[in-house]
Novice: 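Sharing a structure here in structure tokens format.
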Amino acid sequence: MAERYFLVGSNHAETKYRVLKIDRTEPKDLVIIDDRHVYTQQEVRELLGRLDLGNRTKTAQKGASGLFRAVSAFGVVGFVRFLEGYYIVLITKRRKMADIGGHAIYKIEDTNMIYIPNDSVRITHPDEARYLRIFQNVDLSSNFYFSYSYDLSHSLQYNLTVLRMPLEMLKSETSKTRQESFDIFEDEGLITQGGSGVFGISSEPYMKYVWNGELLDIIKTTVHRDWLLYIIHGFCGQSKLLIYGRPVYVTLIARRSSKFAGTRFLKRGANCEGDVANEVETEQILCDASVMSFTAGSYSSYVQVRGSVPLYWSQDISTMMPKPPITLDQADPFAHVAALHFDQMLQRFGSPIIILNLVKEREKRKHERILSEELVAAVTYLNQFLPPEHTIVYIPWDMAKYTKSKLCNVLDRLNVIAESVVKKTGFFVNRPDSYCSTLRPDEKWNELGGCVNPTGRLQTGILRTNCVDCLDRTNTAQFMVGKCALAYQLYSLGLIDKPNLQFDTDAVRLFEELYEDHGDTLSLQYGGSQLVHRVKTYRKIAPWTQHSKDIMQTLSRYYSNAFSDADRQDSINLFLGVFHPTEGKPHLWELPTDFYLHHKNTMSLLPTRRSYTHWWTPEVIQHLPLPYDEVICAANLKKLMVKKFHRCEEEIDIHNEFFRPHELSSFDDTFCLAMTSSARDFMPKTVGIDPSPFTVRKPDETGKSVLGNKSNREEAVLQRKTAASAPPPPSEEAVSSSSEDDSGTDREDEGSVSQRSTPVKMTDPGDSTKVTENVVQPMKEVYGVNLSDTLSEEDFSIYARFVQLGQSQHKQDRNSQQPCSRCSDRVIKLTPISAFSQDNIYEVQPPRVDRKSTEIFQAHIQASRGIMQPLGKEDTAMYREYIRNRYL
């Protein structure tokens, strides 16, 4: 019996290794030893060889292997224990879903749970298998994401402001807190003065959006932080917007809160700590993919939130009604739970907080209106104590009533709301305003809010959207706000001349597809079915066949809520550590309710009572409208750690991280070529159509049908439940345990299986001709000539003359070693460099480049590194003349 496991981890280039030793002789305790030493490849081979030899000597089996590989993995999710010993959860298959600044974001495709203790010391328990089944009901292969080098729990604004602050500022702030025995340089033993190294700053993750925090908690202080891989749950999708060949990546990331998490009818409202049900933070990131690095590239983001109404309310599902009555569980006259919730939001997002409430206002029987009345009362009470410039903005809008009206356009009204919201909150961009926006100012741009600094813009404040379920209506409203913000983002990067985007353009269709995948995924996680009402439904262009599909989605949601949500809720409670199995106490399935697990004030009194009037955290209110989490202060500096790297190390080499020169690459597997592209998937294939993605097109002109009236395309969209909009590259799978390689690592491309999450629609043989016509464009249409037709006499004579000229030129080069002076000026002197006489490969001198062209090229290289050349008077005058002729 093996007495221990050895966990060998490496970087991408397999030049640095770390080793963990896990003891298997303890039946219930987890014993992990980390020597915190960084090994080279040669050192780790020697270490594993010594272990192999020692184990063979100990067992007296000279022929057998003393050390064998149990599994190969891409990361450790964590460790968990029920009633017996500990399990280790490993990621065995992954798939790349997005790329942000050269940092890859992966989706977990498969995991493996390994029981750590030996069978000889195992103490069996009859209920262990049942707990294991409940734990594994949380499907880790369904929309869990991680990144080795990018913090997914924080927004791009946080990662590019707090984590990129000047080191001198960090040192000065650190020196002020020395009396508190805190030094962020102490852990790594860095020389803070001088040196040629590069300093990197890392932060603690925002644990609210981390889903394996409880699983990693037991090893957090034992192992090096490189072993800690934090995962988020929600959605991640990325598409490529081609603007006349210039690639722009549109990324959508949704982070689902791990606090008060659960299913639709079992988790409503908020708990005693201000955490609400179905809370999801959605961030849309726009980046110019022609420049990859965060330092020199152009990046922009916009964040919005959805979540249940922050009150004590619930719905009783025991009546088996499609719409159970809404019940207010506790009276909260001082809006205590709402105050806790909005205090969290002020700390993370700043002010203003804008609430877009989409629940019904007029009903025959009072149902959703109960929530509106209580929410208005809570916001009114809280606002009377806030400074007037930081009050909570409340926007009630009965979306269902406007949808039924034939005179009102729902999306036009939502667009007006979206414009006002984005103007108040602003958005994040990491570069100052373009010079063109100064020469050609836009009225809407000058009214934009947020915080403007010399390096760009910051988003201050947040839009919080809710209906009852925060699914269908909320997703459409968020799409409209995101579409409005996308126009401002494109304008800020200098990609469009006005901050406005129209429907039925390639850019908006690409963005709409991303948001529909985003909405379907979140709806499946919380409600048990896909979206019932989509953007097309509210635009009133959905086909008649969509109504029957909406009915099926409604029935699917009802069935899931009635029969399977209770089991899913138990799995979530066990996975997140809300419930810990304990010997001698009731089991998870024996509890009549999980109310006491999520409301800690029911088991013990809270140590302090918050003020009814000054309901906010004092430090938070002092720095508004900026979010307190992004303010440079002693409390936030304690969350940071500085590490020194050599300039040539792989960890900070973006080129090696992204292009992987140490691996064999294939264009078929390259993510940037496989993702959804506006030019390939949305732009018309007909020659002569304007290739701009901002041109309004008719439905029959697009690469994808906006109406979705073709059955095979509609079924493919409906079956794509949890996949992102991009066709994924082949998933990466670890090599099986039968491999005998001694290095302890696997190449990602070995044993990989090409899997596509979008199902292929099988067609009848009779439809093959029609499908081929739809997929393959006619040769005449693409090339302007049909090669299968016979050549005309004129074309054939031109070709014959061309061949004759080529043959005579070759004959002259071979036979005329010394051409006469009369024709030497007309003959190009080419020197054959091949040993074969009939070859046509010739040696030519490279063209000479003048000094001015060399300077232009060097300036272009410097611009890619962020070093811009100052504009001369001639350049400025030429640009002004261009603007005057074009726009004035």
Side-chain angles (χ1 to χ4, degrees), residues 264-265 267-270 276-280 304-317 319 321-329 332 335 338 341 354-380 392-418 420-421 463-481 519 522-523 526-527 529 531-540 542 547 550-551 553-555 557-558 561:
R264 184 185 177 200
F265 284 126
K267 285 293 163 283
R268 294 294 210 190
V276 298
N278 194 24
E279 183 173 7
V280 182
Q304 49 185 324
V305 172
R306 69 172 69 183
S308 188
V309 180
L311 304 168
Y312 288 121
W313 65 281
S314 62
Q315 288 180 279
D316 185 12
I317 60 173
T319 56
M321 297 173 59
K323 290 186 177 181
I326 294 175
T327 306
L328 294 175
D329 298 329
D332 194 7
H341 177 68
I354 304 173
I355 302 173
L356 178 57
N357 186 18
L358 303 176
V359 302
K360 297 178 181 178
E361 298 289 340
R362 294 183 180 180
E363 297 174 298
K364 295 180 180 179
R365 182 175 59 89
K366 205 173 182 180
H367 181 64
E368 296 184 11
R369 189 154 53 96
I370 298 174
L371 300 177
S372 290
E373 293 174 353
E374 288 295 320
L375 183 59
V376 169
V379 172
T380 304
I392 301 171
V393 180
Y394 179 77
I395 304 176
W397 190 58
D398 190 345
M399 189 170 176
K401 183 184 76 172
Y402 280 88
T403 304
K404 295 176 182 178
S405 173
K406 296 182 178 179
L407 302 177
C408 299
N409 189 317
V410 177
L411 298 189
D412 285 349
R413 174 59 180 160
L414 274 176
N415 192 58
V416 174
I417 296 174
S420 64
V421 166
L463 171 67
R464 186 193 190 280
T465 310
N466 73 268
C467 50
V468 177
D469 297 324
C470 302
L471 296 178
D472 301 345
R473 287 174 283 181
T474 298
N475 196 71
T476 302
Q478 283 194 331
F479 163 74
M480 290 301 299
V481 176
L522 299 182
S523 182
Y526 183 66
S529 73
L531 291 173
V532 177
H533 303 298
R534 303 171 181 272
V535 177
K536 298 181 184 65
T537 306
Y538 293 103
R539 289 187 68 190
K540 299 179 181 179
H547 297 297
D550 291 347
I551 295 173
Q553 294 297 337
T554 304
L555 294 176
R557 186 176 295 182
Y558 174 73
N561 300 153

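Below, all heavy atoms of this structure are taken into account, side chains as well, without hydrogens, waters or symmetry copies.
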Novice: So, using salt bridge (charged side-chain N to carboxylate O under 4.0 Å, His left out) as the criterion, who are the partners of Glu374 when residues are at least two apart?
Specialist: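 For Glu374, no residue satisfies salt bridge (charged side-chain N to carboxylate O under 4.0 Å, His left out) once neighbours in sequence are set aside.
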Novice: Who pairs with Glu361 by salt bridge (charged side-chain N to carboxylate O under 4.0 Å, His left out), at least two apart in sequence or on another chain?
Specialist: none
Novice: Looking at residues at least two apart in the chain, or sitting in another chain, which of them share a side-chain contact (heavy atoms from CB on, under 4.5 Å) with Ala335?
Specialist: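 Expected list: Ala338, Ala378, Tyr381, Leu382.
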Novice: Of the options Asn278, Val305, Ile355, which is the one that meets Asn466 in a side chain to side chain contact (heavy atoms under 4.5 Å, CB included)?
Specialist: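 It is Ile355, the one option of Asn278, Val305, Ile355 that forms the side chain to side chain contact (heavy atoms under 4.5 Å, CB included) with Asn466.
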Novice: Where do Ala270 and Val276 come nearest, in terms of heavy atoms and distance?
Specialist: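 The answer is CB-CG1, 3.8 Å.
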Novice: Quick one: list whatever passes side-chain hydrogen bond (donor to acceptor under 3.5 Å, both in side chains) with Arg413, sequence neighbours left out.
Specialist: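 None.
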Novice: For Lys267, which residues count as a salt bridge (charged side-chain N to carboxylate O under 4.0 Å, His left out) partner, sequence neighbours excluded?
Specialist: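 For Lys267 the salt bridge (charged side-chain N to carboxylate O under 4.0 Å, His left out) partners, ignoring immediate neighbours, are Asp594.
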Novice: Would you please name every residue forming a side-chain hydrogen bond (donor to acceptor under 3.5 Å, both in side chains) with Tyr312, sequence neighbours left out?
Specialist: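 Here no residue qualifies.
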Novice: I'd like to check the side-chain contact (heavy atoms from CB on, under 4.5 Å) partners of Ala477; sequence neighbours left out, ordered by chain and number.
Specialist: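 Listed in chain order: Leu356, Leu358, Leu414, Thr465.
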Novice: The criterion is side-chain hydrogen bond (donor to acceptor under 3.5 Å, both in side chains); which residues satisfy it with Asn475, sequence neighbours excluded?
Specialist: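 Result, side-chain hydrogen bond (donor to acceptor under 3.5 Å, both in side chains) vs Asn475: Arg306, His518.
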Novice: Which residues pass the side-chain hydrogen bond (donor to acceptor under 3.5 Å, both in side chains) test with Lys401, sequence neighbours left out?
Specialist: none
Novice: With Arg464, which residues qualify under salt bridge (charged side-chain N to carboxylate O under 4.0 Å, His left out), at least two apart?
Specialist: none
Novice: Do you know which two heavy atoms are closest between Asp316 and Pro324, and how far apart they sit?
Specialist: O-CB, 3.1 Å
Novice: Under 4.0 Å between a Lys/Arg side-chain N and an Asp/Glu carboxylate O for Arg264 and Asp469?
Specialist: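 Answer for the salt bridge query: yes.
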Novice: Applying ring-ring contact (aromatic ring centres under 6.0 Å, His included), can you list everything that pairs with Trp313, at least two apart in sequence or on another chain?
Specialist: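 Checked Trp313 against ring-ring contact (aromatic ring centres under 6.0 Å, His included); zero matches.
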